[in-house]
Amino acid sequence: MDVRELTPDDLPAAWTLGRHAFGSDPTQPPPPTTTSGLTRYGAFDPTGQLLGKAVDLHHDQWWNDRPVTAADVAGVAVAPAARGRGVARALLTGLLRGAHDRGAAVSALFPTTTAPYRACGWEVAGALRTIDLPTAALPRHLPAPHLTVRDGGPADLPAVTDLYETVTRHRRGLLTRRGPLYDHPTDTLPTDGLTLVEHDGHLVGYATWDRGRGYGPDAVLTVDNALATTADAARELIRTLATWASVTPTLRLNLLDGDAITAHLPVEATREHHRDTWMHRPVDITRAVTQRGWPTHAHGTVTFTLHDHLADWNTGTWRLDVADGTAELHRTTTDTPLHLTVRGFAQLYTGTTDAETLRHTGQLHTPAQTDPRPLDLLAAAGPAHLHDYF
């Protein structure tokens, strides 16, 4: 089959394929013919019929204060009659090569099923959790006299973006929300509402929300983002959200583990509404290592052999050197007993597990007498998270 970038003429067929796969609204119009910030791929049979599609989203991800170029994958769909014939594998192989050629370092995706992505080198690294919480269970803090709460508008969006970056850039895996995919009209809000918390005119917390419908027992206030840079701002946001209890008995929220908001929520009252598993993979391991930031306390060297059957530029023996907040990866001819799969690399890179556990799972092959723990250097920064579904 032929895998290539989709042209504008291919988009109606790609839209129909996606509608059949994901059950979207049949009255929804096809996507625009051109969209910056992404690359659409299609797999075609010899007659030119579209068999499958996938999208490379040109994101950047924060990794310890440094942006890492990403090829995040979305919209993978295969025609019913072509399933089980290697279409998805061919698509993902072509997407990886194209992403490598444009300079991407890593890739993440939200799978509907993990098996085909594992077969192509992606591995589970975490979950985006959406929780429901009785609005009446939120603590009713007294208003903080030094803070101001107000409704926000389009003119406040640059400050919102700056606060989001302050909260997320020192973490790992979170999208930078920069670039053309995040451009939006400057005269409208992308959500129903925006609540701001300010201290001396400076933004210290915000919540974006969608009101939903109705005001009965089934009414839900969906909070897309609630972030704060101080404990007082977090309590003030929670106090403000609690005032919705009379008309929206349920608050729906995406949790960012360990952040200021979560630290002040009555987590014992939450119940999980939805869990979206996400997977990760290196596109180019040298870029993945050198572009990201590393903990300043991490120092060391380890040599390992990586096996990547879809991205041959990653396969080989490498020496990892980490020092002073940076790292480098160089090819070497040194013999090493540490043989790592690309899925194992993804798990260490995202801090999902450690080298000893990888040996148990079969993602790290090494003689029984060999200590695998030097490879934990790859996982030195701690776990990664995603806070955006794509």
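- Ring centroid separation for the pair Trp318 and His330 does not come in under the 6.0 Å cut-off.
- Between the side chain of Thr336 and the backbone N or O of Thr303, at least one donor-acceptor pair lies under 3.5 Å.
- Heavy atoms from other residues, nucleotides or ligands lying under 6.0 Å from CG of Asp101 number more than 12.
- At least one side-chain heavy atom of Pro266 sits less than 4.5 Å from a side-chain heavy atom of Pro139.
- Using a 4.0 Å cut-off between charged side-chain N and carboxylate O, Arg129 and Asp257 make a salt bridge.
- Here the straight-line distance linking atom CZ of Arg19 with atom OG1 of Thr27 works out to 9.5 Å at 0.5 Å rounding.
- Side chain of Asp284 to backbone of Arg287: a donor-acceptor contact under 3.5 angstrom is found.
- Note that CG of Leu92 is 6.0 Å distant from OH of Tyr117, once rounded to the nearest 0.5 Å.
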**OP:** Would you check, one step at a time, whether the test salt bridge (charged side-chain N to carboxylate O under 4.0 Å, His left out) holds for Asp56 with Arg102?
**Re:** CA-CA 11 Å; Asp56 168 8; Arg102 72 169 181 83; 2.9 Å; yes
**OP:** Could you walk me through whether Arg252 and Asp132 pass the salt bridge (charged side-chain N to carboxylate O under 4.0 Å, His left out) test, one step at a time?
**Re:** CA-CA 5 Å; Arg252 186 161 294 157; Asp132 283 352; 2.7 Å; yes
Subject >> Residues Asp72, Gln61; criterion side-chain contact (heavy atoms from CB on, under 4.5 Å); working and verdict >> reply: CA-CA 10 Å; Asp72 290 337; Gln61 300 174 2; 3.1 Å; yes
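- By the 4.5 Å heavy-atom criterion applied to side chains, Trp63 and Thr350 are counted as neighbours.
- By the side-chain contact (heavy atoms from CB on, under 4.5 Å) test, Leu51 is found to be paired with Asp45, Ala82, Val87, residues two or more places apart in sequence or in another chain being considered.
- In this structure, the side chains of Leu196 and Val149 stay at 4.5 Å or more apart for every pair of heavy atoms.
- Between Asp60 and Arg178 no salt bridge is recorded (no basic side-chain N to carboxylate O distance below 4.0 Å).
- The aromatic rings of His199 and His146 lie perpendicular to each other, with more than 60° between the two planes, well past the 30° mark.
- Hydrophobic clustering places Tyr349 together with Leu358 (ILVMFWY residues linked when any side-chain heavy atoms are closer than 4.5 Å, directly or through intermediates).
- How far OG1 of Thr148 is from NE2 of His202: 12.0 Å, rounded to the nearest 0.5 Å.
- Arg118 and Glu123 are joined by a salt bridge, as a carboxylate oxygen and a charged side-chain nitrogen come within less than 4.0 angstrom of each other.
- Annotation: cation-pi pair Arg211/Trp209 absent, no NZ/CZ under 6.0 Å from the ring centroid and within 45° of its normal.
- Annotation for Tyr182: atom OH counts as buried by contact number, over 12 foreign heavy atoms lying within 6.0 Å.
- Side-chain contact between Arg89 and Pro116: absent, with no pair of heavy atoms (C-beta onward) separated by less than 4.5 Å.
- Here Asp10 pairs with Arg4 in a salt bridge; the nearest charged N to carboxylate O distance falls below 4.0 Å.
- Looking only at side-chain heavy atoms (C-beta outward), Met279 and Val73 stay at 4.5 Å or farther from each other.
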Original post:
Run the side-chain contact (heavy atoms from CB on, under 4.5 Å) check on Phe304 and Phe345 step by step: do they pass?
Top reply: CA-CA 10 Å; Phe304 62 93; Phe345 183 98; 4.3 Å; yes
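- How far CG of Leu128 is from NE2 of His387: 7.5 Å, rounded to the nearest 0.5 Å.
- Looking at Asp224 and Asp210, their side chains come closer than 4.5 Å, going by heavy atoms from C-beta outward.
- Scored by the side-chain contact (heavy atoms from CB on, under 4.5 Å) test, His170 finds Asp65 as partners (sequence neighbours excluded).
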Original post:
How far apart are the C-alpha atoms of Val197 and Leu237, what are their side-chain angles, what is the distance that settles it, and do they pass the side-chain contact (heavy atoms from CB on, under 4.5 Å) test?
Top reply: CA-CA 7 Å; Val197 179; Leu237 273 179; 3.7 Å; yes
Original post:
When you look at Thr290 and Thr326, which way does the side-chain contact (heavy atoms from CB on, under 4.5 Å) test go after all the steps?
Top reply: CA-CA 7 Å; Thr290 58; Thr326 62; over 6 Å; no
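- Counting heavy atoms from C-beta outward, Asn225 and Tyr206 have side chains that approach closer than 4.5 Å.
- Separation of atoms CG (Asp162) and CG (Leu157) is listed at 11.0 Å; rounding is to 0.5 Å.
- Of the possible polar contacts, none joining the Lys53 side chain to the Arg40 backbone as a donor-acceptor pair under 3.5 Å is found.
- Pairs of residues two or more places apart, or lying in two chains, that qualify as side-chain hydrogen bond (donor to acceptor under 3.5 Å, both in side chains) and include a residue from residues 233-250 are Asp232-Arg235, Glu236-Arg239.
- Atom CZ of Arg331 has more than 12 neighbouring heavy atoms from other residues, nucleotides or ligands inside a 6.0 Å radius.
- In the hydrophobic cluster analysis, where Ile, Leu, Val, Met, Phe, Trp and Tyr join through side-chain heavy atoms closer than 4.5 angstrom, Leu306 is grouped together with Leu320.
- Between Leu253 atom CG and Thr270 atom OG1 the span is 10.0 Å, to the nearest 0.5 Å.
- Between Asp156 and Arg150 there is a salt bridge, since at least one side-chain N of the basic residue sits less than 4.0 Å from a carboxylate O of the acidic one.
- Looking only at distances, a side-chain donor or acceptor of Arg359 sits under 3.5 Å from a matching main-chain atom of Pro367.
- Between Trp122 and Leu109, some side-chain heavy-atom pair lies under the 4.5 Å cut-off.
- The closest donor-acceptor contact from the side chain of Glu165 to the backbone of Thr176 lies at 3.5 Å or more, if one exists at all.
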